[in-house]
Structures are given as C-alpha cells and as structure tokens.
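Take a look at the structure set out below.
Order of the sequence lines sets the chain letters (A, B, ...), proteins ahead of strands, with each chain counted from 1. All values below come from the heavy atoms of this structure, side chains included, with hydrogens, waters and symmetry mates left out.
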There are 2 protein chains.
Amino acid sequence: MQQVSDSSQSPGYDPAPTSSRGLIVDRIRSAGTLSRVELTQLTGLKAPSVTAVVRRLIDDGLVAETGRGASTSIGGKPRTLLQIRAAARYVVGVHLSEDHLTYVLVDYAGGVVARWRRDGPGDDSDPEQVVARVAIETGELIASSGVDPALVLGLGFVCPGPLIRNRGVTSAPPSMTRWVGFPIRSRLEERLGMPVLLENDATAAAAGTRLTTSHDVSVMAALFMSEGIGSGLRLNGNVYQGAHGNAGEVGHICVQIGGPRCWCGGTGCLEALAGPAAVVAKARAAGLDLGSHRHSGVAAFAAIARLALSGDSRAEAIIRDSAAWIALGAQTIANMYDVQLLVLTGPAFAVAGTIYLPILQERILSSVFGRSVGTKVVLDERGHDAAAIGAALMMLKSEHAISA
Amino acid sequence: MQQVSDSSQSPGYDPAPTSSRGLIVDRIRSAGTLSRVELTQLTGLKAPSVTAVVRRLIDDGLVAETGRGASTSIGGKPRTLLQIRAAARYVVGVHLSEDHLTYVLVDYAGGVVARWRRDGPGDDSDPEQVVARVAIETGELIASSGVDPALVLGLGFVCPGPLIRNRGVTSAPPSMTRWVGFPIRSRLEERLGMPVLLENDATAAAAGTRLTTSHDVSVMAALFMSEGIGSGLRLNGNVYQGAHGNAGEVGHICVQIGGPRCWCGGTGCLEALAGPAAVVAKARAAGLDLGSHRHSGVAAFAAIARLALSGDSRAEAIIRDSAAWIALGAQTIANMYDVQLLVLTGPAFAVAGTIYLPILQERILSSVFGRSVGTKVVLDERGHDAAAIGAALMMLKSEHAISA
DNA sequence: CCGGTTAGTTAGATCTGTGAATATAGTGGG
DNA sequence: CCCACTATATTCACAGATCTAACTAACCGG
C-alpha cells in the first residue's frame, strides 16, 4: 500500500468556494440567470457586498447584466438580471471508459460547446499512449471549436474505479489493469500544460447532472452505470469524495451472501450480479442475438436494452432482474445518504433507464425513509456525457478555490 | 407528510465552525492540550490571528495557559500549552431508548462530570410525561453535581429513529409509536428554559466517540447498535446529517431479498435479520435461559452475550450469525462513506463487541476498498454512553456556530 | 555572555462585510 | 401628469478579522 501524503490535506470533500466571489459565480451559473437580490438571499451576504463582488466580476468580463427581471405586481424597481458570460472561459472534460473516450468542451456558463466521442483505448491499453492521445485530441477539440486556447482553464479527467485523490487508480477492472498506479494526473498536466483534475466517474457524474434540478435540492446523489456501477453524493454543489476519493462505491457492496465472485475479489457484489457485464453474460447464455457487437461493454448492453424495449420478453426479463438488484443499491444510497433526489445517469441508464426507473422508484418509495421524505428518482437526459460534463464543471468550480 | 420549513436552511451537515474562535476551541478541546504554534498549523491561520483569538478566549475564562511544552532538542522558546478551562461551561446530554434514560453532564473540556442511568420510560410511554421527567431529572443532575446552573449552555437530546431536523421523530419502533410527530425539541426547551438540540442516536454517537482517536482521522463513521442499528458519519469533527437528518440508516437497508418483515414496513432489513431484537427472538426460540430479564430490549441481548462469552455454543452461534449480517452493513458503510475508521458503539456493542469486532474486521478487509486503504475497525470503550456524550458534545460545538 | 533557534507579540495595512442613508426605476392613484 | 409607494441597487463610513513585517521572549549550547 503506497502511503500517499497528499500535498493539500483534503478534508473529505472538495474545496468549497470559500471566496464569496466563487460562491456568487457558482450560484449564477447554476441558476442560469439571477438578480442581485436573489444573490443576497442565496449567499447570506448583504446587498453592498453582492454589489461589490458583482461589479468586479463584470469588470473582469465574467458576468454581464442581461435586462430586467419580471417586475413585481405591486411595483418597485425591477431586478437587474445577471448572467455568466459564456465565452469568458472554457474547460475540457474527458471521460475514459473501457471502450470510449468522451470529450466535452464546456463554456464558462456550463454549456456544452462541443462534444466528441472516440472509440476507446480498447483492452489492455497503454496508459502512456492514451495520455498522449488525449493531449493531442484535446488540442484538436479546442482548435476545431475556434476557442482561444488561452481561455481554457484546465481539463477534468474521469475514469472508473477507485482512485487515490489526484494521483491515479488503485484498482481497475480486468481490461484496465495497466492503469493501476499510473500517475494519470501529473502525466496529463505535463503533456497539456494546463491544470488537470482527476475524479471518479460516478462522483463527477453527480457534479454533472444539471444543477438546475429544482432550486431547493441541496442534497442529491447520482447513481452511475457504465461498465461498472458507482454513485456520487452532492451537497450544496460540492461533491463528497470520502477519505480517499472512493465514496459511493455502491457497485461493490455485497447484496447476496455467497453470491458470484467479482473482479474486485469480493463475492455477491451488486456489480457482479446485476451490472451491464452480468446482463450481457446472461443474455449470451440465453442465446440472445446481440448482432455484431463486441463481446462486452456498453455497446452489447445497449443491444439488449433495445431488444427489451422492442418487446423481446427474454431480454426484458434479464434487464428487469438486474433492475431488482440495482434497486437495492438505490435504496442503500437513499438510506445512507438521505438525499432529496437520486439521478440515474451514465451510458447504461442512457440506453435502458426507462426500464430501470420505475423499478427503482417503487423500491425507494416502499421504504419508510424514502416514503416519509418523498425521495425523488429521475433519469438524466444526458446520461452519456454526464461524467465528462461533470469533470468539466468540477474544474470550472475549482477556479475560485482558495489557493493558500 | 407534514412539509417542514426549517427556520435555518440547513445544508445537510451541521454548522461548521465558521468563526475561527469556535474552530480554535474545538481544536484545543479535541487535542486536550495544544500550543499556539500547533494551532496555526491546524487552523491555517497565521500566528497573530491565533494570538488574538486565544487572548480573548483567555480573557473570557474559556481557555487557560497550562505550563510549557517539551522544549525542542535544538533550543528555542518552549511552546506554551493551552487547555480548555473545564469548569467554564457545562452541557447536558440525554439518551432516550426503549428501556433506559441515560444522562451525562459534560464540562467545557468535553469530560464527563456525572453520569446517570435511569430505568427507561417503558413501553408505550407518554412523551409529555417523559419530557416532564427529563426536565426534573436534568435539574437534579445539575444540582447534585454542584454545578452553577447558569453555566449550563444547553441540552442535547438523542432518540432512536428517523427524525425531522430539530422537531421530532417521523417513525418509531413499536414500543415508541406515541413519539411520532411529538415536538420533542420545542417542548423540552419550554420545560427547561435552555437551548435543546435534537439528534438521531447513531449520528450523535459518531460525534461522541472520543475525538482523540488519532489526530489524522478526519473521516470516520460510527456503527451504533442499541435496540436498533444505525450509523453516523463524521467529517472533520462535523457530523453529516443528510437532507432530513436521517443519514446512515443502515439498519433498514435490505440485505436479503424476500427476507423477514421489519417494523418499518420493509422486508429483509438488516435490523430485522440481525438486530438485538432478532437475536433475542432466536435465542428464545432455541430455548436459551435468559434469566429474569424482560422480554425484549438490550438487557435480554446482554444476557445472551454473557452466555456466549462464557462458552455457551448455542448463544455464540446465534450472535456470530448476527455478526455475519452486520458485517455486510459495516462493509456498506465503508464502501459508501469511504472512511478511515469505523467505530463500533452503543449499548449492544458495549456488551457483545468483542464477538462482533473480528468478524466485521475480516469482512471489511476482504473487500478491495477496505484493504487498499486500510480501513480500521475499533470498539468504543464507552459504548453505553456514546450517544448521550455525543449529544452533549454537539451542543457544546454549536455554541460558537454562526447565528446570522 | 552570546549567537542560534523557536515561540509569541505588536503595529500597521488590507480586505471583507455591515448598517444607514441615498439614488434608481418602476406601479398605480388622483 | 405629478405624486406617493415600493422594491432594487448603490454609496459611504465604519467595524472586525486576518495578513505581513518587524520585534520581543525564552531557552539551548558553548
């Protein structure tokens, strides 16, 4: 076990915007458009402070006034609406999975400017080569978008599996074993010449699900399913990472004593029983025709989902069986985290979420705790890119973090 | 479902000490004794700020200098040690369970000055009467300790079951159904005339496990077993409460599909399968002689634990079976929260912890995530009083909370 | 006794946020 | 059309916290 002494003694959650400047930028960004009065309510600051901070943001070209708000029925000066200047800055988000590399270019307002999807590194890829490729493709992405590279603040990189905060992964599924121990972050920073943030895919997805999921949701979680299953917790816009950056590993909780062996070494893991790979294996065993898809990965899972949605009863039974197990994971998240909202996201839910959603909803509402507080479960409409977008947004947020 | 609009818009975790005053008091309290230099390192403040804050604390009689620290081998002025003035303030902690009322009087340094244990309210008790009794007994506790009542800052009250933050419980085990919806906090404040903090027993226990569990543990959880099973998460000395104050309800995660029905309405709950009540029921069914103990509760569980520890193989088998299930809960906590340390606490672990500990340890270390980061599992030596002490400590901490 | 070393303080500057008063921009009534 | 009325936003003077820089305090070893 390499003992890691992280330079910044991380407190278990990501750097909350200590500066009121960052706090205000975050609020405007997640609301889309906001007045100064609302900012005083949201931040707890007094009006003069808000005025001062906002003026500097406008002077710096990060925020712009954008017309008047709806005047109240009674009268009074209408609120001046503020908005992030989208073109002020940019960040890149990259999601590495077993068979895909997803790139997004996100503007300062949090909008996706460009989105690339490249066939992934493939089995047993060499991390050094992948890093080189990411650096090149990131440059191409920025160039092809016509964005001034000087305005790009940095890159957020997400990968599956448990990781050492801002270093690399500590273990990985069979096809990515060469990534274990590889110093992803520092190698990327060297190649790119810009700050890089490394994050777990599920945690990033929690940051990436559209912040505007109703204003009064301050505690929410993402259940993320790609090749693996993970979850992330978001508190007031800050993700919870745990002591070592591995919080939310719901895919490797044991839901069946004596269950099947998992690549992680355990038995009865949720992922081994009901993850996409397990679904594909069962479908193959049942003799389903998955077409020309590769022997594993999300593509094969998507094929099964399409069969199920088009009425194939065997495919549907297999997926509903998976959903029954995953519902246990969802219930565990609700019980352990006590969230107001659970968002289903990631590539697997993007293709099969409509089958999973009602089953998970029903399970959560059947537990007292879910029912008594009305925990909501919803599907993320951008599940395919949630992790990459989340990585980018986390990088955006870190801009104003205290750098003591 | 009564929609509760909490006065303070709580962010999902308890008020972090925003004032550096509170931050410094907390640090000194948890360290026991500390110098100004160490405070600069721990808080991130510079020396002059620490000097200023500490001077005011000394002037206010909350902190005292207490001799010199060990001089470094090389030379230089030895550090002046600071210490909380224990007699400066006091707080009361009360733990209500099905069959006991536990009182602790805690001084400003966090030390337990007095401890009372009273036979509990009994089945189906009237909340109003219990509140009256608690008010009277709290007065007696303070009086008999010779503490000036004016120095008592407030009372922390913990009870089992999910609660609405600072209001009352939303559901309860069969013997406490009359507590559901009862406005515990406001009624207690009216009777006592001092601030009352209401908290879940497991969450409070997380706050109560001695803070000095090694200085570099910033993310830890408590697994609490009394009549029920719960858990609490502590981040840098602040407990995580979740959106509604119900985080960590590990007792009602489903660990066996189609398992036995639980009082909460679910099936296969950890608590229903392996909680103390289930252990007692199994022992009774197996014909074990539990002596003159009441038909349920921790007392009967303790009798079984004593049998097991004294070599009764049937009792041991029953408890080891329970431990195997509870180990799943412990693993879930480790995976979801990613903690550095898991403390077993509460009355049930106080009597049977030595049987549970190795089984839980082994399970956690058998999961990659536990093994790769070396999650520690330990037994709290003050399990009986952890919840009450935790309630008191949380009240102590809230003293310096921002009251905007 | 004196340089070396670490701990802690004082003094002054800066920055942040506050409160009170004021300016701005609309609504609706006479 | 002018005038209260209302809500939004800004200005200005001040209080507080925290920083930098320079200084004093206490102890070591020779």
* Asked: What is the distance from CD of A:Glu65 to P of C:dT24, rounded to the nearest Å?
  -> 15 Å
* Asked: A:Lys46 has an atom NZ; how far is it from atom P of C:dT18, in whole Å?
  -> 6 Å
* Is the distance from OP1 or OP2 of D:dC19 to the nearest side-chain N or O of B:Ser49 less than 4.0 Å? -> yes
* Asked: Taking CG from A:Leu39 and P from D:dA7, how many angstroms apart are they, rounded to a whole number?
  -> 19 Å
* To do: Could you state the atom-to-atom distance from CG of B:Leu23 to P of D:dA17 in whole Å?
  => 14 Å
* Structure fact -> Taken to the nearest whole Å, CZ/A:Arg55 to P/D:dA9 is 13 Å
* Interatomic distance where CD1 belongs to B:Ile58 and P belongs to C:dG8 [whole Å] -> 11 Å
* Does the side chain of B:Arg68 get closer than 4.0 angstrom to OP1 or OP2 of D:dC27 through an N or O atom? -> yes
* Would you kindly give the CG-to-P distance between B:Leu81 and C:dG8, to the nearest whole Å? => 8 Å
* To do: Mark yes or no for whether A:Gln340, through its side chain, and A:Met220, through its backbone, hold a donor-acceptor pair below 3.5 Å.
  => no
* Looking at B:Ala88 and B:Tyr108, what are the two nearest heavy atoms and their distance? -> CB-CD2, 4.2 Å
* Structure fact -> Rounded to whole Å, the CZ-C1' distance (A:Arg21 to C:dG17) equals 17 Å
* Looking at B:Thr80, does any N or O in its side chain come under 4.0 Å of the phosphate oxygens OP1/OP2 on C:dG8? -> yes
* D:dT8 phosphate, OP1 or OP2, under 4.0 Å from A:Arg36 side-chain N/O -> no
* Is any side-chain heavy atom of A:Ile28 less than 4.5 Å from a side-chain heavy atom of A:Leu39? -> yes
* Asked: Which residue lies toward the 5' end of DNA chain D, B:Leu45 or A:Ala47, if each is placed at its nearest nucleotide?
  -> A:Ala47
* Asked: What are the two closest non-hydrogen atoms of A:Ala206 and A:Arg234, and how far apart are they?
  -> O-NH1, 2.7 Å
* To do: Would you indicate, yes or no, if C:dG17 has its OP1 or OP2 atom less than 4.0 angstrom from a side-chain nitrogen or oxygen of A:Ser20?
  => yes
* B:Asp60 and its salt bridge (Lys or Arg N to Asp or Glu O under 4.0 Å) partner, picked from B:Arg85, B:Arg55, B:Arg21 -> B:Arg21
* Structure fact -> Testing C:dA11, D:dA9, C:dT18 for proximity to the side chain of A:Pro48, the answer is C:dT18
* **Distance test, side-chain N/O of A:Thr51 to OP1/OP2 of D:dT10, below 4.0 Å** => yes
